[in-house]
Each structure stands twice: as structure tokens, then as C-alpha cells.
Amino acid sequence: MSTYLKQGWGLTVKHLPIAAFLFLYRLLWGFFLYRLVDSVVRPLVQRYPGADGAATGADAIFWAESQFRLLKTDLAHPYLWLLGGLLLARLLLGPLLSAGLAYSVRHAAESGAEGGTRFLEGIRVCWKPFILLAAAELTLALAPAVWLAREGFQRFQHYSSLPQLAADALPWAGAWLLWIGLLHVLILSLQFGAASGLGAGASFRQALRRLLPLAGVSLVLLLLSGLLQAGVSAGAMAWAGLAAIVIQQGYHFVRTLIDVWILSAQYSCWSDKPDAGGRQVS
């Protein structure tokens, strides 16, 4: 396990410029979404009758007018189309960036200290299988939600309290989360195979062979990331003011660096193959 983490960190250091690019991408995306939501929500809040703190009977008129304009006019249509376009763009950009990073990590792991990164080349070469696999993962991950929603609605009528319903639904929710996690690891293995130029059959066999070790590495790094997140949040609460802003903004780059480390360590684990004597070799 520690070998994969060390190899992954070595690959991460080689991809510091890409980590910086991904950090700027996330920063600009978050800023754009913030400005978009602010431009839509702020005028609505300013029109709310109780915005100045005084409660009046105009509240009911405001909600009635809002309901009428949302249901009987096309006021919300541009925003819904914009939201759908942004969601589609995010769904497409995610696999493209993953394709470039995975291909570059594979090249760096095979070439050693020679050569640079191949981020843009990876996007150009591997974009199609990565998008198809991401679409398959999303479809398979959401497929149980239809059955769970139907069962939950039917069972809801037989429960007298929400805590009782939540207690009975907890095992099903846990099973769904476990399915999503295993599916993500399997799809990730297939994406590594696509970035390595393996065929579909060889990729799937390698994915099944390395599924459990890869899941273990992923779980360890996710726990480490969660602990770091908790520490940063506690530090931001302890040092309010400018220090909290610096800590929060600095952590976004650290989180991006950890994400690159996670993928690099996962590739190191996935690409590890047993030699003739049963030992693991990279």
C-alpha cells in the first residue's frame, strides 16, 4: 500500500502544472456559478416583501405571483435551459480532463524521468472511451434510484414517522452507496485500460484482477482527504477573519493536488502485475 502511495506522489510532483491548471479551472467554474446564481437570486430577494425585516400581508401575494409566473409563463425556461447546458458541459468536461490526466500519468509512469506531461495528447487520444465509460457509470449508478424511489414511496404510506422510515431505508441507502463505489472503481480501471491502449477484454480482466487492491487504495486516500478537510474546517473556525479565508482558499489547491495524487496512486496500483514468482512488479 505504501509503495503505491509513494509512486503516486512521485507522479503527482511531475504533474504540478496540470494540478495548477485544474485548480484554476475549478476556481473559475465556481466563480462563474456564484455570479450566475447571484444574478438570478439577488433580484428575487430584493423583491421579497419581508426583505427589510418587516412582516406584511404582501408575503402571500408575492408567493402567489411567483407560483403563477413559474407555472403559467415561460419565465423559468431560459434558466432551466442554461442550467441544463451547464450540467451537460460539466458532465463532458469531467471525462475529458480525466482522460488527459490518466493518459499523462500512464506516460510518466512508463517513461520515468524522461519526457514531460501528455495532458492535451491524452484528451485528443482517449476522449471517446472516457466519455462513453463515464456515461455508462452515470447510467448504472442512477439505475437503482428508480426502484428505490418507487419502493420508498410505497413504504412511506405504511410508516407513522419519518425516523422509522429513515431507519428502514438506511441499509438500502448503504447498499446503493456501496454499489456506486464499486462501480466507480470498476469504471476507473476500464478507463486506465483505455489510456494504456488495452482492448476491452484485457481491460475488463485487469479491472477484475485489481478491483479489491484498487478499492483499498482509494478508500485510504479518501479517508486521508476527509481528515484533511476536517482539519482545515476546524482551523478556519478557530482562526476567523483573514486567516480563515487564506486557509480555505489554500485548501482548494491542496484538494486538487490530493485528487491528482489519488488518481496517480490508483494507476500505480492498477498497473501492478505479478511476476512469475507471484511477486508484484510495476
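Please read all numbers here as calculations on a predicted model, not as lab measurements. What's counted below: heavy atoms across the whole structure, side chains too, no hydrogens, waters or symmetry copies.
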Atom pairs and distances, donor-acceptor, side-chain atoms in residues 214-232, under 3.5 Å, two or more places apart:
residue, atom, partner, partner atom, Å
Ser218, OG, Leu214, O, 2.8
Ser218, OG, Gln266, NE2, 2.7
Gln229, OE1, Tyr251, OH, 3.0
Gln229, NE2, Ser233, OG, 3.4

Would Val260 end up clustered with Ile18 when hydrophobic side chains under 4.5 Å apart are linked, directly or stepwise?
-> yes
Once you round to the nearest 0.5 Å, how far does OG1 of Thr117 lie from CG of Leu101?
-> 10.0 Å
Results of side-chain hydrogen bond (donor to acceptor under 3.5 Å, both in side chains) for His184 - residues two or more places apart only = Glu137
Supply the atom-to-atom distance Leu83 CG to Leu33 CG, rounded to the nearest 0.5 angstrom.
-> 9.0 Å
Are side-chain N/O atoms of Ser264 and His15 paired as donor and acceptor at under 3.5 Å?
-> no
Using the test side-chain hydrogen bond (donor to acceptor under 3.5 Å, both in side chains), find all partners of Thr12 that sit at least two apart in sequence or belong to another chain.
-> none
Would you indicate whether the side-chain heavy atoms of Leu133 and Leu188 approach each other to under 4.5 Å?
-> no
Between Phe192 and Trp270, how do the two ring planes meet: parallel, tilted or perpendicular, split at 30° and 60°?
-> tilted
Where Cys126 and Ala194 come nearest, the two heavy atoms and their spacing | SG-O, 4.1 Å
Taken in chain and number order and not counting sequence neighbours, the residues that satisfy salt bridge (charged side-chain N to carboxylate O under 4.0 Å, His left out) with Arg26 are Asp259
Measure the spacing between CZ of Phe253 and CD1 of Ile258 and express it to the nearest 0.5 Å.
-> 11.0 Å
Excluding Val125, membership of its hydrophobic cluster (Ile, Leu, Val, Met, Phe, Trp, Tyr; side-chain heavy atoms within less than 4.5 Å) reads Tyr103
Please find out if less than 6.0 Å separates the ring center of Trp176 from that of Trp147.
-> no
If we only count heavy atoms from C-beta on, is the Phe119 to Leu97 side-chain gap below 4.5 Å?
-> yes
Minimum-distance pair of heavy atoms, taken over all atoms of Gly193 and Ser203 | CA-OG, 2.9 Å
Among the clusters formed by ILVMFWY side chains lying less than 4.5 Å apart, do Trp127 and Leu92 turn up in the same one?
-> yes
Can you get from Leu183 to Leu132 by hopping between Ile, Leu, Val, Met, Phe, Trp and Tyr side chains that sit under 4.5 Å apart?
-> no
Inter-residue atom distance Ser271.OG - Tyr4.OH, 0.5 Å rounding | 8.5 Å
Honestly curious: do Leu91 and Leu36 fall in one hydrophobic cluster under the side-chain, below-4.5 Å linking rule?
-> no
Say you draw a straight line from CG of Leu5 to CD1 of Ile262; how long is it, rounded to the nearest 0.5 Å?
-> 10.5 Å
For Ala102 and Phe130, work out which heavy atoms get closest and say how close.
-> CB-CZ, 3.8 Å
Is there a donor-acceptor contact under 3.5 Å from the side chain of Ser104 to the main chain of Gly100?
-> no
Nearest 0.5 Å, what's the OG-CD distance between Ser196 and Glu110?
-> 6.5 Å
Has Tyr79 got more than 12 heavy atoms of other residues, nucleotides or ligands less than 6.0 Å from its OH?
-> no
Find out whether Ile187 and Gln191 are in side-chain contact, i.e. whether some heavy atom of one side chain is under 4.5 Å from a heavy atom of the other.
-> yes
Pairs in or reaching into residues 27-45: which pass side chain to side chain donor-acceptor pair (under 3.5 Å), with residues at least two apart or in two chains?
-> Asp38-Arg42
Is Leu28 linked to Leu86 within one hydrophobic cluster, defined over Ile, Leu, Val, Met, Phe, Trp and Tyr using a side-chain heavy-atom separation of less than 4.5 Å?
-> no
Checking Arg210 side chain against Cys269 main chain: does a donor-acceptor pair fall under 3.5 Å?
-> yes
